[in-house]
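Some notes on the structure that comes next.
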Amino acid sequence: MNPLENIRIVLVDPKYAGNIGSICRVMMNMGITDLALVSPGEHLDWAEARKLAYKAEDLLDRIQRFQTLEEAVADCTVVAGTSARTGFYRDHAYLPREIAPVVLDSAAHHKAALVFGREDKGLFNEEIAVCTHIINIPSSELYRSLNLSHAVMICCYELFLLANDASYKPPEEGSPEADGAMRERLYEAWSAMMLETGFCEIEKLEHMMLGLRRILSRGKLTENDTKILLGLAKQSRWCAAQLQKKKK
Ligand code: SAH
């Protein structure tokens with residue numbers, strides 16, 4: 001299967017329909033056809049989108065809509081978020097060229113997503129947290145942030161180049177990778193474990209979980225890895241509950 005068919009472009013809360021149309025065209029140019037929107041604004045000018053999606057209107061008609069980013073990437077293994085900013089959990093950023101093999105390797109067997117933020121505010125920290133990787137496109141300090149559709153183009157172009165490189169061979173799959181839904185179940189179980197075992201206070205939980213998400217995203221998290229980590233949380237919560245009972 002062509003790995004480009006397994007790649008989803010996710011736009012979070014886009015404000016300008018013109019950008020959505022331009023992105024349809026960009027995607028079609030680069031052979032990527034799965035476009036999803038997360039809570040798009042209600043007053044988007046779809047006629048404008050159609051104009052800019054010239055000859056790629058088909059993608060516009062097939063857009064999937066989701067309420068939350070978690071839902072949009074629930075079936076995706078690699079979820080690469082893009083940010084014009086670096087620092088605070090965004091500092092392990094990849095170049096589009098560096099992330100291309102990571103995304104394509106995964107897309108050979110699973111769905112993978114590239115996530116783009118709002119034109120005005122980018123992606124919020126809680127959305128960045130859902131991503132397994134962060135991409136930063138180098139740009140001049142005169143003006144760091146690119147137009148949304150241009151950022152999509154640069155990322156899609158790198159994927160297209162690599163997918164069409166005759167020397168690129170996707171890997172055989174060993175153990176299947178965990179998808180977004182499984183990862184979120186794991187993080188929920190670990191949040192509960194950290195509280196119930198007294199590992200951290202509720203005020204520190206969010207910060208701690210961001211760190212944990214980054215640690216667990218550094219390698220490939222397989223379904224088997226996730227099952228072990230889920231089992232650990234389950235047993236620890238059970239032990240914490242037993243201790244509580246004894247105290248009473
Ligand atoms: N002020 C916002 C800019 C948003 S630009 C911010 O600081 O994040 C809209 C979107 O385009 C971003 O959310 C990101 O998805 C993409 N984008 C723009 N410039 C980028 C860059 N240099 N690297 C990676 N993504 C970029």
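Whatever order the structure lists ligands and atoms in, that order sets their numbers, starting from 1.
In this structure, the separation between NE2 on H110 and CG on N6 is 9.0 Å, given to the nearest 0.5 Å.
For a threshold of 3.5 Å applied to N or O pairs, the pair formed by T82 and ligand 1 contains at least one separation below that value. The N/O atoms of R85, backbone and side chain alike, include one that comes under 3.5 Å of an N/O atom in ligand 1. Considering both main-chain and side-chain atoms, I135 never comes within under 3.5 Å of ligand 1 through any nitrogen or oxygen pair. In terms of polar-atom proximity, defined here as any N/O pair under 3.5 Å, E119 makes no such contact with ligand 1. For ligand 1, the polar-atom distance check against L146 finds a nitrogen or oxygen pair separated by under 3.5 Å.
Residue pairs meeting the ring pair (Phe, Tyr, Trp, His ring centres under 6.0 Å) criterion with at least one member in residues 132-162, sequence neighbours excluded: Y94-H133.
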Given T68 and E71, is the side chain to side chain contact (heavy atoms under 4.5 Å, CB included) satisfied, shown in steps?
CA-CA 5 Å; T68 64; E71 290 168 78; 2.8 Å; yes

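Closest heavy-atom approach to atom 2 (C) of ligand 1 within the set S149, A84, G122: this belongs to G122. Comparing A93, P14, G117 by heavy-atom distance to atom 13 (O) of ligand 1, the nearest is G117.
Both L123 and V10 sit in one connected hydrophobic cluster of ILVMFWY residues. Membership requires side-chain heavy atoms under 4.5 Å apart, directly or through other members.
Residue S145 touches ligand 1 through backbone and side chain together, judged by heavy-atom distances below 4.0 Å. Here S83 has backbone heavy atoms under 4.0 Å from ligand 1, and that is the only part of it that gets that close.
Less than 4.0 angstrom separates some heavy atom of R144 from each of these atoms of ligand 1: 22 (N).
With a 4.5 Å cut-off on side-chain heavy atoms, L221 and L186 count as touching.
A heavy-atom separation below 4.0 Å is not found between H150 and ligand 1. At least one heavy atom of D120 sits less than 4.0 Å from an atom of ligand 1.
For the 3.5 Å distance criterion, the side chains of D165 and S167 qualify, holding a donor opposite an acceptor.
When each of L35, L114, V115, I63 is paired with L11, the side chain to side chain contact (heavy atoms under 4.5 Å, CB included) condition holds for L35 and for no other.
Grouped with Y54 in a hydrophobic cluster is no other residue, since no side-chain heavy-atom contact under 4.5 Å to another Ile, Leu, Val, Met, Phe, Trp or Tyr is found.
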